[in-house]
Structures are given as structure tokens and as C-alpha cells.
Amino acid sequence: MKQTVVRQVKSSFTAADAVGNALHVKFTYMDNKTSIVIFPGSIVLWLLRHIPVADTALVAQPPQPVPMFRDEWYLPGTPRVLSVQCKQFADGVRMTLETDVKPDLNLLVNAGNLELLRQVFQQYAPQLVNIDGL
């Protein structure tokens, strides 16, 4: 049986694709590798309803993210998130992202990165439409 790889998120960078009703998120992991995934608007809005708001006074600021460059924006084969499963722990959340191209992406997101992701998603939320009704 193949072992599940869980990537620990160090930081993330988010950019909006208003035409595609999606957010592109570039995750940087503790080993300094990166990956980009596309979150459809309906999943972003669903996550916003379910990610708990952290007490920002108690949350450590994540390191500066690796920016997303123009040539990375339109990479063919960039996985699109189909569904998300989350399991909350005391110090963060494990997110399993089911994608259309690759095997599931398992992320361990600490409280600081989770709060930053929630805040960035919240900023982009008015530009997104819940097409799937999630």
C-alpha cells in the first residue's frame, strides 16, 4: 500500500482569476518545494464558512511567501481542487485536497497559515460566485 505524503505548509501566495471564478494558491512547504492549485470559487466560499477565525494575537505570522510568477499562472496541468476534507488539530488543520489531475494533496496547515489563508480568501470572496451551491 502506498504511503500518504503530508506536506507541511510554510507559507502561501494567492492570486485571483476573476474570469475563471477561482483563486490560484501557491504553497511553499517546509522543504522549500512549491506547488500551485486552483481553488474554484464555490470551494473558497465553503471554506470561509468552515475555517474558524483565529485569535490573531496568539497566531504567529507565517514567513514571506514565494510569489507566483507570470509563467506559472497558466501552467498546463495545474491541479484544480474538486473537494476538500479538513481535520482540525490544536495547532492547525490537515487538509486533503482532491484534485482533477494528481493524487490527493495532503497539507498540514498551522494556525498562522490557516488564518492568513482565511483572511486572503475573505478579501477575494466578493469577486467569487458560488456556482455549485456548496
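From a predicted model like this one, the values you see are computed outputs, not experimental measurements.
A 4.5 Å side-chain heavy-atom check between Y29 and T34 finds every atom pair outside the cut-off. Side-chain contact between S12 and L117: present, with at least one pair of heavy atoms (C-beta onward) separated by less than 4.5 Å. By the 4.5 Å heavy-atom criterion applied to side chains, L47 and C86 are counted as neighbours. Residues R80 and P40 form a side-chain contact, since some pair of their non-hydrogen atoms from C-beta on lies under 4.5 Å apart. Using a 4.5 Å heavy-atom cutoff, the side chains of F121 and V25 are in contact. Contact of the H24 side chain with the D17 side chain is registered, since non-hydrogen atoms from C-beta on lie closer than 4.5 Å. With a 4.5 Å cut-off on side-chain heavy atoms, E72 and I36 count as touching. Taking 4.5 Å as the limit, every side-chain heavy atom of T28 sits out of range of all side-chain heavy atoms of P65.
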Checklist entry - Going through the distances and angles, do T96 and N106 end up as a side-chain hydrogen bond (donor to acceptor under 3.5 Å, both in side chains)? => result CA-CA 4 Å; T96 300; N106 295 289; 2.8 Å; yes
Checklist entry - Going through the checks in order, is the side chain to side chain contact (heavy atoms under 4.5 Å, CB included) test met by D104 and T99? => result CA-CA 6 Å; D104 292 350; T99 66; 5.9 Å; no
Item to check | Residue pair Q123, Q119: steps toward the side-chain hydrogen bond (donor to acceptor under 3.5 Å, both in side chains) verdict | outcome: CA-CA 6 Å; Q123 289 176 346; Q119 289 177 12; over 6 Å; no
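Classification of K10 and D31 as a salt-bridged pair fails, no side-chain N sitting under 4.0 Å from a carboxylate O.
Rounded to the nearest 0.5 Å, atoms CG (L107) and CZ (R7) are 9.0 Å apart. Taking CD of E98 as the reference point, atom CG of L82 lies at 5.0 Å (rounded to 0.5 Å). Distance CE/M30 to CD/Q8: 4.0 Å, rounded to 0.5 Å.
Smallest separation of non-hydrogen atoms from I43 and S83: CD1-N, 3.9 Å. The shortest heavy-atom contact between P62 and L116 is CG-CD2, 3.8 Å.
Counted within 6.0 Å of CD on Q85, heavy atoms from surrounding residues, nucleotides or ligands total 12 or fewer; the atom is thus considered open.
Partners of N110 according to the side chain to side chain donor-acceptor pair (under 3.5 Å) rule, which considers only residues two or more places apart in sequence or in another chain, are N113. Annotation: side chain to side chain donor-acceptor pair (under 3.5 Å) contacts of Q122 (sequence neighbours excluded): none. Shown here are the ring-ring contact (aromatic ring centres under 6.0 Å, His included) partners of F27, two or more places apart in sequence or in another chain: there are none.
Under the 4.5 Å side-chain heavy-atom criterion for ILVMFWY residues, a single connected hydrophobic cluster contains both L48 and F39. If you chain together hydrophobic residues whose side chains sit under 4.5 Å apart, V66 and V120 never meet in one group. A single hydrophobic cluster is not seen to contain both V9 and I38; linkage of ILVMFWY side chains at heavy-atom distances under 4.5 Å, directly or through other members, places them apart.
Between the side chain of N21 and the backbone N or O of V129, at least one donor-acceptor pair lies under 3.5 Å.
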